[in-house]
Amino acid sequence: DTAYDALHLYAFTINNAQTDDPSLVAKELKNIRNFPGASGTFSIDAQGGVLRQPILLIVRDKKLVPLEQ
């Protein structure tokens with residue numbers, strides 16, 4: 001799901017920037033907020049890092065369920 005998101009995010013960013021110039025795409029990428037990806041919703045910070053809440057799961061009765069915090 002993460003590789004899928006990376007490809008779609010890159011295509012989305014190129015489309016928004018209306019260019020494939022790497023410096024302009026990088027600038028546009030840093031403006032991404034609440035991108036609805038396959039791995040969950042995430043944003044990109046000013047340094048180009050991914051910001052998202054981790055999803056923690058635990059096995060209970062042979063099923064993955066969210067870990068209660």
Side-chain angles (χ1 to χ4, degrees):
D1 59 1
T2 304
Y4 179 88
D5 285 349
L7 181 63
H8 281 268
L9 179 62
Y10 190 62
F12 176 81
T13 305
I14 287 172
N15 190 44
N16 281 354
Q18 297 182 345
T19 181
D20 62 355
D21 179 283
S23 62
L24 296 175
V25 171
K27 188 175 180 179
E28 183 71 25
L29 182 66
K30 294 175 184 176
N31 293 320
I32 298 293
R33 300 291 177 268
N34 301 316
F35 187 81
S39 64
T41 300
F42 58 90
S43 298
I44 306 297
D45 68 15
Q47 290 74 40
V50 176
L51 302 172
R52 70 172 159 192
Q53 291 294 104
I55 299 171
L56 303 175
L57 304 171
I58 189 169
V59 177
R60 244 188 226 135
D61 298 322
K62 298 181 183 181
K63 294 180 184 175
L64 285 174
V65 296
L67 179 65
E68 296 174 17
Q69 297 182 10

Distance from [X] atom [atom1] to [Y] atom [atom2], nearest 0.5 Å?
{"X": "Asn16", "Y": "Leu24", "atom1": "CG", "atom2": "CG", "value": "13.0 Å"}
{"X": "Ile58", "Y": "Glu68", "atom1": "CD1", "atom2": "CD", "value": "9.0 Å"}
{"X": "Arg52", "Y": "Ile44", "atom1": "CZ", "atom2": "CD1", "value": "9.5 Å"}

- Option from Leu9, Thr2, Asn34 for which side chain to side chain contact (heavy atoms under 4.5 Å, CB included) with Phe42 holds: Leu9

- Side-chain donor or acceptor of Asp45 paired with backbone N/O of Gln47 under 3.5 Å: yes

For the hydrophobic clusters of this structure (ILVMFWY residues joined by side-chain heavy atoms under 4.5 Å, transitively), does one cluster hold both [X] and [Y]?
{"X": "Val59", "Y": "Leu57", "result": "yes"}
{"X": "Val50", "Y": "Phe12", "result": "yes"}
{"X": "Leu67", "Y": "Val65", "result": "yes"}

- Message: So for atom CG, which belongs to Leu64, do other residues, nucleotides or ligands contribute more than 12 heavy atoms lying within a distance under 6.0 Å?
- Response: yes

- Got Asn31 and Thr13 here, is their nearest side-chain heavy-atom distance under 4.5 Å? no

- Message: Can you confirm whether Tyr10 sits close enough to Leu29 that some side-chain heavy atom of one is under 4.5 Å from a side-chain heavy atom of the other?
- Response: no

- Item | Heavy-atom closest pair, residues Ala46 and Lys30 | O-CD, 3.1 Å

